[in-house]
2 protein chains.
Amino acid sequence: MANETALDAIGNATRRTMLTILHDGEHTVGQLTDVLPVTQSAISQHMRVLREAGLVNVREVGRRRLYSVDLGGLADVRAWVDGFWDDVLAAYVSHANQTASNPES
Amino acid sequence: MANETALDAIGNATRRTMLTILHDGEHTVGQLTDVLPVTQSAISQHMRVLREAGLVNVREVGRRRLYSVDLGGLADVRAWVDGFWDDVLAAYVSHANQTASNPES
DNA sequence: CCTAATCATTAGCGAAATCTTATGGATAGC
DNA sequence: GCTATCCATAAGATTTCGCTAATGATTAGG
């Protein structure tokens with residue numbers, strides 16, 4: 001049932017903010033540290049979680065690491081949500097039909 | 001930017017399982033307690049989180065409460081993920097075009 | 001009424017998550 | 001080489017989270 005690690009990873013406000021910052025392209029750890037109210041260490045640790053969840057990619061350039069959004073992990077999240085959405089809708093419609101032909105609360 | 005409470009709420013495996021059980025219609029707290037390896041108290045507490053996140057609805061019938069999936073909260077999650085996805089794709093394409101007309105790593 | 005059933009809520013505890021500080025490794029630049 | 005920069009990692013403190021146990025409120029049923 002997809003990779004639920006990604007769902008756990010985005011279940012944190014700081015990491016979501018990080019992803020939002022990354023949404024327009026590559027950024028270094030230092031750039032995120034300048035913007036966010038946590039230390040560089042915290043950023044690196046969050047990046048590891050995002051990386052292991054397949055939500056970000058790293059590209060090493062000299063002594064800095066450029067992080068960017070990985071659509072792979074995001075696809076896992078989408079798959080879960082969309083699949084769930086469809087199932088609920090289907091059940092809802094099925095129930096509506098059933099109660100229409102057999103009215104009772 | 002939508003309701004991020006829902007994203008926090010689904011960032012937990014037990015709550016995701018609960019939602020999965022609810023996906024085909026209404027269920028009582030007792031029914032979930034029978035299936036899941038936690039106490040009734042834990043179920044009720046998770047339900048509160050899901051309710052406050054707009055992910056479930058409650059319907060009181062006698063002394064029991066029937067919970068069902070609320071598509072509203074789920075729409076928030078979808079909006080966040082889909083919007084994010086589109087932005088990333090747009091930035092990716094934009095960057096691709098830019099580097100194509102001005103080649104440099 | 002009296003009891004059982006159903007669920008919410010509170011209090012408290014252990015575990016896990018998040019953060020900071022400290023340190024080390026690697027690269028850049030002089 | 002030497003130093004500064006950039007980042008990861010380790011260690012430890014603190015906060016948050018998820019859970020259980022206990023209790024109370026409400027309703028159903030004899």
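Per chain, numbering begins at 1; letters A, B, ... match sequence-line order.
Put simply, the residue from A:L66, A:I43, A:V58 that forms a side chain to side chain contact (heavy atoms under 4.5 Å, CB included) with A:V29 is A:I43. Residue A:E26 is tested with A:R65, A:Q31, A:R59 for a side-chain hydrogen bond (donor to acceptor under 3.5 Å, both in side chains); the sole match is A:R59.
The shortest distance between side-chain heavy atoms of B:T33 and B:T28 does not fall below 4.5 Å. Taking the side chain as every heavy atom from C-beta outward, B:L74 and B:L55 approach each other to under 4.5 Å.
In this structure, NE2 of B:H46 is placed 18 Å from P of D:dT16, rounded to the nearest angstrom. Across the protein-nucleic acid pair, A:H27 atom NE2 and D:dC7 atom P stand 13 Å apart, rounded to whole Å. Rounded to whole Å, atom C1' of C:dC19 lies 13 Å from atom CG of A:L36. The nearest whole Å value for the distance from the CD atom in A:E60 to the C1' atom in D:dA8 is 11 Å. Distance B:R65 CZ to C:dA5 P: 18 Å, rounded to the nearest Å. Distance A:R59 CZ to D:dC7 C1': 16 Å, rounded to the nearest Å. Rounded to whole Å, atom C1' of C:dT9 lies 10 Å from atom CD of B:Q40. Taking atom CZ of A:R64 as the reference point, atom C1' of C:dG25 lies 17 Å away to the nearest angstrom.
When distances run from any side-chain atom of A:R15 to the nucleotides C:dC7, C:dT18, C:dA8, the shortest one goes to C:dT18. Closest to the side chain of A:N12, out of C:dC7, D:dC19, C:dT18, is C:dT18.
With the nearest nucleotide of DNA chain D identified for both B:A42 and A:T28, A:T28 has the one nearer the 5' end. Residues B:Q31 and A:R63 both approach DNA chain C. Their nearest nucleotides, taken by heavy-atom distance, put B:Q31 toward the 5′ side.
In this structure, B:Y67 does not reach the C:dT6 phosphate: none of its side-chain N or O atoms is under 4.0 Å from OP1 or OP2. Between A:T14 and the phosphate of C:dC19, there is a side-chain N or O to OP1/OP2 separation shorter than 4.0 Å. Look at B:T39 and you'll find a side-chain N or O under 4.0 angstrom from OP1 or OP2 of D:dT20.
Residue A:R51 places its CZ atom among more than 12 non-hydrogen atoms of other residues, nucleotides or ligands, all under 6.0 Å distant.
Taking CH2 of A:W85 as the start and CG of B:L71 as the end, the distance is 5.0 Å to the nearest 0.5 Å.
Looking only at distances, no side-chain donor or acceptor of A:H46 sits under 3.5 Å from a matching main-chain atom of A:M18.
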What are the atom names and distances for every N/O pair under 3.5 Å that joins the protein to nucleotides 10-13 of chain D?
from	atom 1	to	atom 2	distance (Å)
D:dA10	N6	A:S41	OG	3.2

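Residue contacts shown for B:R51 are absent, as no nucleic acid heavy atom lies under 4.0 Å away.
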